[in-house]
Amino acid sequence: MGRRILNEALRSMVNAEKRGKSMVELKPISTVMSSFLNIMKNRGYIKDFQVYDPHRVGKITVQLQGRINDCKALTHRQDIKAIEIEEYKTRTLPTRQWGYVVITTPDGVLDHEEALRRNVGGQVLGYFH
């Protein structure tokens, strides 16, 4: 169920962007979802997000920026080695110029650039562009 939560949240963000909304509310939440959103915020794809009541079901309000074209979470998490990240990125993302693959590693949840710099592999959570 945890993988579906992330996928449904990301799909609702994409749908809100397509409708021209400036804010979306996501619930239920997980810590992986907040880590994924933190990477999106650091890379400039969303303005900000706030977590309310994280110990129960909770909710996250996300302020959208209008930059997300597509955002998906993989329901089957693939193991990926550090040397395979570049090949996976070129297969998944539509262009080499923008977009990020999010990977959960022993160092935490990272995007593909940070994982390559630290030379760590892990499981692919999803991607956004």
Side-chain angles (χ1 to χ4, degrees):
M1 181 170 163
R3 297 175 188 169
R4 287 185 51 212
I5 291 172
L6 180 62
N7 196 22
E8 289 172 7
L10 296 178
R11 294 315 303 163
S12 64
M13 286 175 49
V14 170
N15 291 338
E17 286 260 359
K18 288 181 180 177
R19 289 188 199 106
K21 307 267 183 176
S22 63
M23 189 175 293
V24 66
E25 186 174 287
L26 309 173
K27 55 182 168 178
I29 64 172
S30 67
T31 55
V32 173
M33 185 188 308
S34 61
S35 300
F36 199 101
L37 291 173
N38 197 21
I39 290 173
M40 291 181 78
K41 179 183 172 189
N42 291 340
R43 296 300 179 178
Y45 279 81
I46 59 174
K47 288 182 186 174
D48 197 16
F49 69 95
Q50 293 180 338
V51 180
Y52 298 104
D53 197 20
H55 298 294
R56 295 189 188 152
V57 175
K59 67 179 179 179
I60 297 177
T61 57
V62 180
Q63 296 176 359
L64 301 173
Q65 196 164 351
R67 240 187 114 188
I68 302 173
N69 293 325
D70 194 17
C71 188
K72 288 187 181 176
L74 299 180
T75 53
H76 60 285
R77 298 204 177 141
Q78 292 178 281
D79 290 333
I80 191 167
K81 297 177 184 173
I83 57 174
E84 299 170 349
I85 292 175
E86 192 66 34
E87 177 190 338
Y88 185 84
K89 180 188 76 110
T90 55
R91 258 188 303 140
T92 306
L93 298 176
T95 181
R96 292 176 181 253
Q97 296 171 347
W98 65 81
Y100 296 94
V101 176
V102 180
I103 304 167
T104 178
T105 66
D107 293 348
V109 179
L110 306 172
D111 60 30
H112 70 271
E113 290 179 354
E114 184 70 24
L116 281 174
R117 201 172 39 179
R118 293 185 186 187
N119 196 25
V120 293
Q123 290 184 332
V124 178
L125 288 177
Y127 62 90
F128 61 93
H129 58 87

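All of these numbers come straight from a predicted model, not from anything done at the bench.
- Not a single side chain to side chain donor-acceptor pair (under 3.5 Å) links Glu84 to another residue, sequence neighbours left out.
- Proximity of Val32 to Leu6: side-chain heavy atoms (C-beta onward) are separated by under 4.5 Å at one or more points.
- In this view, Asp48 and Lys41 satisfy the side chain to side chain donor-acceptor pair (under 3.5 Å) rule, not counting sequence neighbours.
- A continuous path of hydrophobic side-chain contacts links Met13 to Trp98 [ILVMFWY only; heavy atoms under 4.5 Å].
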For this session: Would you please test Val102 and Leu110 for side-chain contact (heavy atoms from CB on, under 4.5 Å) and show each step?
Result: CA-CA 6 Å; Val102 180; Leu110 306 172; over 6 Å; no
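- Partners of Phe49 under the ring pair (Phe, Tyr, Trp, His ring centres under 6.0 Å) rule, at least two apart in sequence or in another chain, do not exist in this structure.
- For residues 14-24, no residue pair satisfies the salt bridge (Lys or Arg N to Asp or Glu O under 4.0 Å) rule, not counting sequence neighbours.
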What side-chain donor-acceptor pairs closer than 3.5 Å can you find for residues 62-73, not counting sequence neighbours?
| from | atom 1 | to | atom 2 | distance (Å) |
| --- | --- | --- | --- | --- |
| Arg67 | NH1 | Arg43 | O | 3.4 |
| Arg67 | NH1 | Gly44 | O | 3.1 |
| Asp70 | OD1 | Arg11 | NH1 | 2.9 |

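- A distance of 9.5 Å separates CD1 in Ile5 from CD1 in Ile29, rounded to the nearest 0.5 Å.
- In this structure, Pro106 and Gly121 approach most closely via the heavy-atom pair CD-O, 3.6 Å.
- The aromatic ring centroids of Tyr100 and His129 lie 6.0 Å or more from each other.
- We find that Glu25 and Lys27 are joined by a salt bridge, their nearest charged nitrogen and carboxylate oxygen being less than 4.0 Å apart.
- Counting all heavy atoms, side chain and backbone alike, Leu26 lies closest to Ser12 at CD2-OG, 3.1 Å.
- With a 4.5 Å cut-off between side-chain heavy atoms of Ile, Leu, Val, Met, Phe, Trp and Tyr, the cluster of Ile103 takes in Leu74, Ile80, Ile85, Tyr88, Leu93, Val101, Leu116, Val124, Tyr127.
- Side-chain contact between Tyr52 and Ile60: absent, with no pair of heavy atoms (C-beta onward) separated by less than 4.5 Å.
- In this structure, the side chains of Val109 and Phe36 stay at 4.5 Å or more apart for every pair of heavy atoms.
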